[in-house]
Protein chains: 4
Amino acid sequence: MAAGRKRSETSRLAALAATRALLVELGYERITLDAIAARAGVGRQTLYRWWGSKGAIVADAALAGGVATELRPIADSGDLRGDLRAWLNEWVSHVATPEGTSLTLALTAASSDNQAIADQLYERFTGPHEEQLRARLARAREVDQLPADADVSTIAAVLIGFLLYRILGRQRLPAASDVDALVSLVVRRQGDGHGEAARH
Amino acid sequence: MAAGRKRSETSRLAALAATRALLVELGYERITLDAIAARAGVGRQTLYRWWGSKGAIVADAALAGGVATELRPIADSGDLRGDLRAWLNEWVSHVATPEGTSLTLALTAASSDNQAIADQLYERFTGPHEEQLRARLARAREVDQLPADADVSTIAAVLIGFLLYRILGRQRLPAASDVDALVSLVVRRQGDGHGEAARH
Amino acid sequence: MAAGRKRSETSRLAALAATRALLVELGYERITLDAIAARAGVGRQTLYRWWGSKGAIVADAALAGGVATELRPIADSGDLRGDLRAWLNEWVSHVATPEGTSLTLALTAASSDNQAIADQLYERFTGPHEEQLRARLARAREVDQLPADADVSTIAAVLIGFLLYRILGRQRLPAASDVDALVSLVVRRQGDGHGEAARH
Amino acid sequence: MAAGRKRSETSRLAALAATRALLVELGYERITLDAIAARAGVGRQTLYRWWGSKGAIVADAALAGGVATELRPIADSGDLRGDLRAWLNEWVSHVATPEGTSLTLALTAASSDNQAIADQLYERFTGPHEEQLRARLARAREVDQLPADADVSTIAAVLIGFLLYRILGRQRLPAASDVDALVSLVVRRQGDGHGEAARH
DNA sequence: AGCTAATCGAGACGGTACGTCTGGTCTTGGA
DNA sequence: TCCAAGACCAGACGTACCGTCTCGATTAGCT
């Protein structure tokens with residue numbers, strides 16, 4: 001029962017780095033497995049051996065060390081609105097880089113193209129972030145920074161959806177004031193009337 | 001200088017219909033100009049003559065008669081929340097069809113791929129809808145269904161972003177109750193406190 | 001009922017010429033359809049469209065304008081031995097060129113590899129030559145330059161087999177004296193005893 | 001200086017046997033070192049260690065125990081024509097088997113491809129047989145079964161070339177009557193006129 | 001008995017060529 | 001001048017082999 005040669009970690013990392021670089025330069029559609037292999041100094045068969053398709057390697061490259069890993073957890077300073085603003089602004093500044101924009105667009109294209117990638121993206125990236133957001137909102141609700149009947153899932157979806165719309169629209173990324181307006185819209189100060197209460 | 005034969009309207013419509021059909025069956029990445037030409041009974045050169053690229057014909061097909069045109073304007077019954085719920089639900093039911101989902105995903109992929117398509121999409125589709133939404137919200141603000149300082153742009157972006165997130169996530173389309181929660185979150189009954197007013 | 005573009009004669013000839021050139025340079029095994037296409041300035045698909053395989057194009061290239069077409073018919077001067085010697089010597093000098101040797105070896109390799117090529121080679125090349133040889137021998141028999149019971153098929157096969165053996169052996173091509181010996185062996189002067197006749 | 005492990009004779013024989021089997025099944029061009037290694041249950045590196053190339057292993061497999069070794073020497077019963085007929089017929093029946101045909105074609109292809117194989121083939125196989133033939137013919141000449149001026153080299157080449165032509169042609173292997181005609185053509189009964197003797 | 005070194009089967013590596021498919025262009029003959 | 005058909009060049013696709021390079025596991029001779 002012989003072992004055979006081990007998978008080359010060098011090749012794996014070179015392939016992912018080359019993919020990220022080419023994704024930034026060319027975008028998902030114009031990228032080529034030939035180009036990735038050439039840039040990484042790796043055989044084409046090696047890419048097929050370990051990833052099997054362009055979509056898979058792109059997803060892995062974008063998620064492993066690309067977009068996802070540098071994101072910080074949402075702070076819990078006790079100030080929900082401040083924490084959300086900080087988190088959203090960090091996101092925006094992260095995506096505002098050319099690399100961030102390219103990788104995000106590439107992931108969107110790959111997800112639209114391939115259900116498996118979409119699932120992986122959700123499982124490894126979107127889902128954890130959404131869950132983190134819901135957890136932070138739930139904690140805020142417990143300390144009465146949100147009304148007891150606040151719908152944390154809807155709030156989380158609205159925050160992420162807003163970012164998504166602005167990124168994909170590529171017209172203009174949200175400024176700090178846009179983030180302020182967003183947070184103010186969906187998270188009112190506790191003690192603000194909610195429901196039919198105090199007429200003005 | 002002879003005038004020559006006129007452009008064949010039959011061919012144009014057949015090409016667009018074939019593109020839509022194949023988009024639904026295959027998605028943006030897997031579609032082929034050969035396949036469009038064959039299904040439409042049209043020469044391949046004819047597609048290049050009038051559209052010039054795969055992206056252009058896909059965008060035209062999806063926008064002209066595909067996703068966009070069947071949408072109704074937002075009603076103005078005087079009841080903002082009801083009107084928004086109706087509009088959002090109509091949108092959801094429109095996208096919930098297989099054809100609607102496929103065309104939306106195809107447009108997303110094409111937009112991620114190609115800035116020109118993204119611009120066209122915004123100009124002919126997203127922009128008008130957002131503008132319509134802002135106009136409806138502004139009218140509501142005038143009749144005091146929204147606070148005077150409400151940020152209609154942010155509200156509009158949030159509503160669209162929420163839909164976008166749910167569609168692209170492909171986990172599950174929003175139910176009527178999700179739409180209710182969304183509308184309740186961003187459009188409070190007039191008289192609700194809004195702004196920095198009360199407690200500190 | 002439209003016609004479509006005609007097959008490009010330019011491309012066809014360029015492909016065959018490039019194949020011959022590369023066959024001489026590289027030999028059958030080391031030749032590449034990529035290389036043929038590149039040298040001919042022709043798309044690779046065009047080669048597959050019209051020939052379908054490396055073997056087919058090699059056979060066509062070697063037969064059409066390569067080895068076969070320049071061969072003269074066997075003369076009929078009335079002198080069988082002289083005519084055969086001339087024909088054999090012409091053959092040897094033809095094959096003795098680098099191009100002739102390479103093409104012959106390539107055809108042999110291709111025939112060993114592929115029955116279809118072997119059949120085509122026989123039908124378009126070997127067969128006609130053998131038939132021509134048989135016809136010349138039969139005419140000689142009619143004018144009593146060969147015995148009435150001479151087996152023209154065997155003689156023809158022996159002449160061709162001798163050449164084949166010397167060419168494939170690649171040790172040394174037959175000289176004029178070898179050709180003389182061969183002709184003397186298989187074609188005796190009429191009037192020479194044949195059979196049990198004149199004991200010595 | 002320790003010695004290390006010895007070469008595995010088991011592996012060597014398994015490799016040669018697998019090569020012969022695959023040569024029969026697939027032919028020279030379609031054979032694969034992967035396939036040989038897999039069938040022999042041998043590592044690929046072992047093949048390269050001991051033979052170094054596909055051509056080398058194929059030549060070794062075909063010559064060692066394949067085509068060559070089973071051939072008997074030419075008998076010397078005193079009857080030259082009978083001995084030649086027996087030898088040729090044995091050859092034909094040997095090659096007429098599927099295995100014999102495949103191995104012969106494989107050797108031809110390999111020789112056309114590779115000069116080193118061609119040389120080895122001549123040295124280990126064709127050469128010895130031709131030499132054996134020449135020796136038998138020379139002995140016959142000494143006992144006056146051939147004319148004193150008979151060219152034994154040409155006769156030997158003619159006999160081998162005839163076989164080669166029939167085998168490679170693959171149209172039909174020579175029957176016993178063809179062998180008779182061949183022998184009668186090149187070996188006339190002593191006492192037959194030979195040379196420029198009689199008529200002018 | 002332990003050491004040392006060459007061998008073994010297995011299998012990943014960087015490459016090259018395969019045969020196919022598509023993109024975008026050009027040509028043909030008919031309307 | 002447009003159209004359907006279809007050949008053209010270019011180049012990416014995913015697969016199959018090549019010849020090389022690790023791996024860990026056997027074998028031996030030499031100490």
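Only a predicted model underlies this, so the values are computations on that prediction, with no experimental measurement involved. Every chain is numbered from 1 and lettered A, B, ... according to where its sequence line falls, protein lines coming before strand lines.
For the pair D/R7 and D/W51, the cation-pi test (distance below 6.0 Å, angle within 45°) is passed.
Ion pair A/D60/A/R124 flagged as a salt bridge, since at least one NZ, NE, NH1 or NH2 atom sits closer than 4.0 Å to an Asp/Glu carboxylate oxygen.
Taking a 4.0 Å limit (strictly below) on heavy-atom distances, residues 48-57 of chain C reaches DNA chain E at C/Y48. For the contact set between residues 12-19 of chain A and DNA chain E, defined by any heavy atom under 4.0 Å, there are no members. Contacts between residues 25-36 of chain A and DNA chain F, counted as heavy-atom distances below 4.0 Å, involve A/T32, A/L33, A/D34.
Listed pair A/S8 / E/dA12 fails the phosphate criterion, with no side-chain N or O lying under 4.0 Å from OP1 or OP2. Side-chain N/O atoms of A/S11 include none lying less than 4.0 angstrom from OP1 or OP2 on E/dA12. Neither OP1 nor OP2 of F/dA7 sits under 4.0 Å from any side-chain N or O of C/T46. A close approach under 4.0 Å does occur between a side-chain nitrogen or oxygen of C/K6 and OP1 or OP2 of E/dG29.
For C/E123, the CD atom is loosely surrounded, since the number of other residues' heavy atoms within 6.0 Å does not exceed 12.
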**Asked** Does the pair D/L107 and D/L103 meet the rule for a side-chain contact (heavy atoms from CB on, under 4.5 Å), with working shown?
**Response** CA-CA 6 Å; D/L107 278 175; D/L103 289 177; 5.5 Å; no

**Residue pair A/L168, B/L168: steps toward the side-chain contact (heavy atoms from CB on, under 4.5 Å) verdict** = CA-CA 11 Å; A/L168 292 186; B/L168 292 187; 3.7 Å; yes

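In this structure the side chain of D/W50 never reaches within 4.5 angstrom of the side chain of D/Q45, judged on heavy atoms. Contact of the A/L23 side chain with the A/T19 side chain is registered, since non-hydrogen atoms from C-beta on lie closer than 4.5 Å.
To the nearest angstrom, P of F/dT27 lies 16 Å from CD of D/E9. If you measure from atom CZ of A/R5 to atom C1' of F/dA25, you get 18 Å, rounded to the nearest angstrom. Distance A/L47 CG to F/dT15 P: 12 Å, rounded to the nearest Å.
Between the A/R44 side chain and the A/A37 main chain, no donor and acceptor come within less than 3.5 Å of each other.
One finds the OG1 atom of B/T32 at 7.5 Å from the CG atom of B/L26 (value rounded to the nearest 0.5 Å). Rounded to the nearest 0.5 angstrom, D/K54 NZ and D/L33 CG are separated by 7.5 Å. In this structure, the separation between CG on C/D34 and CZ on C/R39 is 13.5 Å, given to the nearest 0.5 Å.
The base of E/dG24 lies close enough to the side chain of B/R44 for a donor and an acceptor atom to sit less than 3.5 Å apart. Taking only distance into account, the side chain of D/Q45 never meets the base of E/dC8 through a donor-acceptor pair shorter than 3.5 Å.
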